[in-house]
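Below: the structure, in structure tokens.
Residues: numbered from 1 along the sequence shown.
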Amino acid sequence: MAFRKNGLLSFMVTVSVIMIASAVAFGQTAQTQPQTKDYEGVVKAAVGHYLYIPQAQGLDIFVAGNIQGGLENLVGKEVRVKASPIADKPNLILAESIEIKEGTMYNSVYTRSAEPDYAGYLNPRDREEYVALNITNINKPEEWEGKAKVKVYGKLQTSRVKEGSQEKEVTHIVLTDRKGKEIGRIIVNGMSEYANFYLKKLRLFDRFWFYLDVTGQVDKRVRARTRELFSGNVVFCGLY
């Protein structure tokens, strides 16, 4: 009798262990298999590998490859995007396929066949590394010097300047006070694809925050003449 009880107990324990192991394995499988979702809407912005449709509700779509006709040509078109979440990039989803609506039919223009390269993408949690500058005067370099990652609130402006007998195009971020009077300028050496994408998304605004990796300081004598403070590469821009 004791043998039967012990045997039954062992059997029940074994079954329990198998059930727990199966549940854990199933849970792990479910977590490692991303759930795709369809998004339908009109494309409002498209730059490089990035696509924006309002129906994605705060998510940007990353396209890992080439699209027939080019990604930028999708702007203003109605599309259906099948996309999957990206575990370590909370504001991005990865396009698995894209269809464009023509008449009453959807025609395929993209199916993912390559692994994504997120070079230049700035994760939202990394924005905390960028110090917000409060620049009040070009003669107070302590307000900006010694900082490698900064963000400033201003307006992008492109102009042509003479350099010897040549003319060149220069892009600045213009900083102003509350009355709209210019305080100073920051030289934009370059702008990432991700920052350019957000410029398109912010088309209804003329002033916002620019996140920059500082590349150099402007000499005091040049600063007095041009009001240029420092130079940097724009890695992101946004309303906060």
Side-chain angles (χ1 to χ4, degrees), residues 37-86 88-101 108-127 130 149 151-159 169-174 186-213 215 231-240:
K37 183 178 178 181
D38 285 346
Y39 300 88
E40 296 183 27
V42 176
V43 177
K44 297 297 183 181
V47 175
H49 291 88
Y50 297 94
L51 192 70
Y52 167 65
I53 58 175
Q55 288 75 10
Q57 298 181 340
L59 297 170
D60 298 323
I61 302 168
F62 189 92
V63 182
N66 297 319
I67 289 181
Q68 295 177 20
L71 188 73
E72 287 78 4
N73 288 331
L74 293 181
V75 176
K77 306 289 180 59
E78 189 171 349
V79 298
R80 180 165 60 199
V81 181
K82 185 180 291 294
S84 56
I86 307 168
D88 60 341
K89 296 171 178 57
N91 67 326
L92 280 189
I93 50 178
L94 181 61
E96 303 295 346
S97 65
I98 300 175
E99 298 173 306
I100 186 170
K101 191 173 185 179
S108 176
V109 293
Y110 170 81
T111 300
R112 186 169 76 89
S113 59
E115 289 303 309
D117 180 1
Y118 299 111
Y121 163 75
L122 181 66
N123 198 300
R125 64 173 176 265
D126 295 331
R127 296 175 200 168
Y130 290 77
K149 295 178 180 290
K151 68 175 185 176
V152 296
Y153 188 80
K155 180 179 181 179
L156 202 66
Q157 185 181 94
T158 301
S159 56
E169 194 173 80
V170 179
T171 301
H172 291 102
I173 299 169
V174 180
I186 295 162
I187 304 167
V188 176
N189 282 340
M191 187 170 295
S192 71
E193 181 180 88
Y194 193 52
N196 266 314
F197 171 63
Y198 265 81
L199 275 179
K200 297 291 185 183
K201 290 183 68 173
L202 294 167
R203 65 192 183 282
L204 299 179
F205 301 87
D206 61 355
R207 284 179 172 81
F208 33 80
W209 287 97
F210 293 85
Y211 290 66
L212 298 111
D213 290 335
T215 56
S231 59
N233 294 318
V234 179
V235 296
F236 178 73
C237 49
L239 296 178
Y240 56 90

Start with the C-alpha gap between Glu99 and Val109, add the side-chain angles, then the distance that decides, and say whether side-chain contact (heavy atoms from CB on, under 4.5 Å) holds.
CA-CA 6 Å; Glu99 298 173 306; Val109 293; over 6 Å; no
Indicate yes or no: at least one non-hydrogen side-chain atom of [X] is less than 4.5 angstrom from one of [Y].
X	Y	answer
Leu94	Arg112	yes
Ile173	Leu212	yes
Asp88	Ile86	yes
Glu40	Val81	no

Could you please spell out the steps behind the side chain to side chain donor-acceptor pair (under 3.5 Å) verdict for Thr111 and Ser97?
CA-CA 4 Å; Thr111 300; Ser97 65; 5.8 Å; no
Heavy atoms only: give me the nearest [X]-[Y] pair and the separation to one decimal.
X	Y	result
Tyr39	Gln55	CD2-O, 4.0 Å
Phe210	Cys237	CD2-CB, 4.1 Å
Gly190	Asn233	N-OD1, 3.1 Å
Ile67	Ile98	CD1-CD1, 3.5 Å

Rounding to 0.5 Å, atoms OG1 (Thr171) and CG (Asn189) come to a distance of 10.0 Å
Pick from Ile93, Leu74, Asp60, Val75: which one makes a side chain to side chain contact (heavy atoms under 4.5 Å, CB included) with Leu51?
Leu74
Arg207 NZ/CZ over Tyr153 ring centroid, <6.0 Å and within 45° of normal:
no
Tell me whether the NZ or CZ atom of Lys89 lies within the 45° cone about the ring axis of Tyr118 and under 6.0 Å from its centre.
yes
Might you confirm whether atom NZ of Lys201 has over 12 heavy atoms from other residues, nucleotides or ligands at distances under 6.0 Å?
yes
Answer yes or no: are there more than 12 heavy-atom neighbours, outside Asn66 itself, under 6.0 Å from its atom CG?
no
List for me each residue that meets ring-ring contact (aromatic ring centres under 6.0 Å, His included) alongside Tyr50, sequence neighbours excluded, and say none if there are none.
Phe62, Tyr194, Phe197
Got a salt bridge between Asp38 and Arg80, using NZ or NE/NH1/NH2 to carboxylate O under 4.0 Å?
no
Would you call Glu96 and Lys82 a salt bridge, using N to O less than 4.0 angstrom?
no
So, the side chain of Arg203 versus the backbone of Phe205: is there a donor-acceptor pair under 3.5 Å, distance only?
no
